[in-house]
K.L.:
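Quick one: structure below, then a few questions.
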Amino acid sequence: MMLVSGGRVLNPASYRFEPADIVVEADRIVDIVAPGSVPREGRQWVDATDRLVIPGLVNGHNHAQTNLSKGISDRWTLEILLANAPWTAARRTVEEKYLSAAIGACEMLRKGCTATFDMFAEFPLPTIDGVNAVAQAYADVGIRATLAPMMADRSFYEAIPGLADALPPPLREQALAIRHAPHAQSVAVCRDLFTNWSFDRNQVRPALGPTIPHHCSDAFLVGCRDLGLELDVGFQMHVAESKLQAIVARQRYGQSLVAHLDDLGLLKPGFCVAHGVWLDDDDRARLADHGCSISHNPGSNMKLGSGLADTRAMLARGVNLALGTDGAGSSDNLNMFEAMRLASFVSRVHDRDTEHWLSTPEVLRAATEGGAQALGFAGQIGRLQKGYKADIVLLDLAASHYVPLNDPVNQVVHCEDGTGVHTVIVDGRVLLEAGRFTAFDFDALRDKAAVAVARLAEVNSESRALCAQMEPYVSQYCSGLARTPYHVAGFCQH
Ligand SMILES: [Zn+2]
């Protein structure tokens, strides 16, 4: 039994902070009561005096393999990032896969995030050992994850029409030699993985992650759809992240990516779009009508120059909105407070009508309840409410960004940068106290990370040199293709 008392607690109905105490039994909130009405005796006491109390934040989009490659890039578009994937996240040992995931899980926990949708990638195909290592890292650090092995049966060079031909002959051959596993093999690994899942699904649950529609054959997407229906697991895909993707969809399918996925029968309530920058009204209508979610990742979208998603249009049409950081290879931090601040700010860039801007309660809702729904945890996490899991974050009102305290919700969304996170409770366990990990040795990861990065630099040096040779051709071809006029109604994009 635990009592979190003396704090100002976010009311999920009003999205206002009110004095209240939270009673926890085992992993759940069993009551939220008037301050001082439940005695401390006989209970583990968490003193929330001088704290704001919010639900654990939920990161809607992430990639565990990228935590060892944070900070490696500067002026990369999404396409340059994908062209460099053969060295940035390749040739990892199982221990390095665990390490990369654990570093990210610790960063999220320290910054008040207690659950994430993770598209963990191994190419040419997912491995059972690799996915289990990532799941184990989340279980050991103690935060929740919906873990979707990221897969494709077309390489980057096969996926974009004309790209391989834009390379000079010796490089073209090397580009086309990059192959992913046949789709039946990837689906078989997932079937095996999901049916033998050994982790508590309330903490780490599996999902499917065919990465980008045109990087997957239709047969692969249909195979994933059928497996998802059979085993009742969620989905996440990168959809309309960059303008180039939207243009390639017209070339390949004669319609948008979302329309194509709809035709194939993939859209369903457990389906989460990552990004959704280049969507039109018809796309949003299809996603809303099927009960889908979108993880909006403004930091990644701005860093990679992908564009700015129209979150107001998503909400207005009834799409469930989540917020995410994206992986450390493209964002480059995993700070959900920054994601909230950016989501609020970018919603104001292209529209002078303040009614269309995201309000701070809408942003906070997307980073909690919206994310919970996107991860398949609706009704379990994302709210401080009786019956919900005890995933609770305490923010320190002594932090400079709360002095003075004028409007707590505005200040959590617009002022908090993660440095105010004092205590984090997940599943009724205190995992961070006074900003320090109580149950996991993060410091032990530092030396391991340095050793891993040195080893990977050596084993990936040839691939890195080859990618560097290809990069100017990829960049020139993709930016040329992205200059094709593509108009998303009512919305300013470059
Ligand atoms: Zn991503």
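Order of listing sets the numbers, starting from 1, for every ligand and every atom in it. For the numbers below, each heavy atom of this structure counts, side chains included, while hydrogens, waters and symmetry mates do not.
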K.L.:
Could you go through the side-chain contact (heavy atoms from CB on, under 4.5 Å) check for Ser155 and His215 one step at a time?
P.N.:
CA-CA 7 Å; Ser155 74; His215 289 230; over 6 Å; no
K.L.:
Would you check if the Zn ion (ligand 1) lies under 2.8 Å from any N, O or S atom of His275?
P.N.:
no
K.L.:
Can you tell me if CZ on Arg464 sees more than 12 non-hydrogen neighbours from other groups inside 6.0 Å?
P.N.:
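No - once you tally the heavy atoms of other residues, nucleotides and ligands closer than 6.0 Å, there are 12 at most.
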K.L.:
Starting from the Zn ion (ligand 1), look over the N/O/S atoms of Asp326 and name the nearest one.
P.N.:
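This turns out to be OD1.
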K.L.:
Output yes when a side-chain donor or acceptor of His214 lies under 3.5 Å from a complementary backbone atom of Ala159, and no otherwise.
P.N.:
no
K.L.:
NE2 of His183 to CZ of Arg154: how many Å apart, nearest 0.5 Å?
P.N.:
10.0 Å
K.L.:
Given the Zn ion (ligand 1) as the apex, I'd like the angle to NE2 of His61 and NE2 of His238, rounded to 10 degrees.
P.N.:
90°
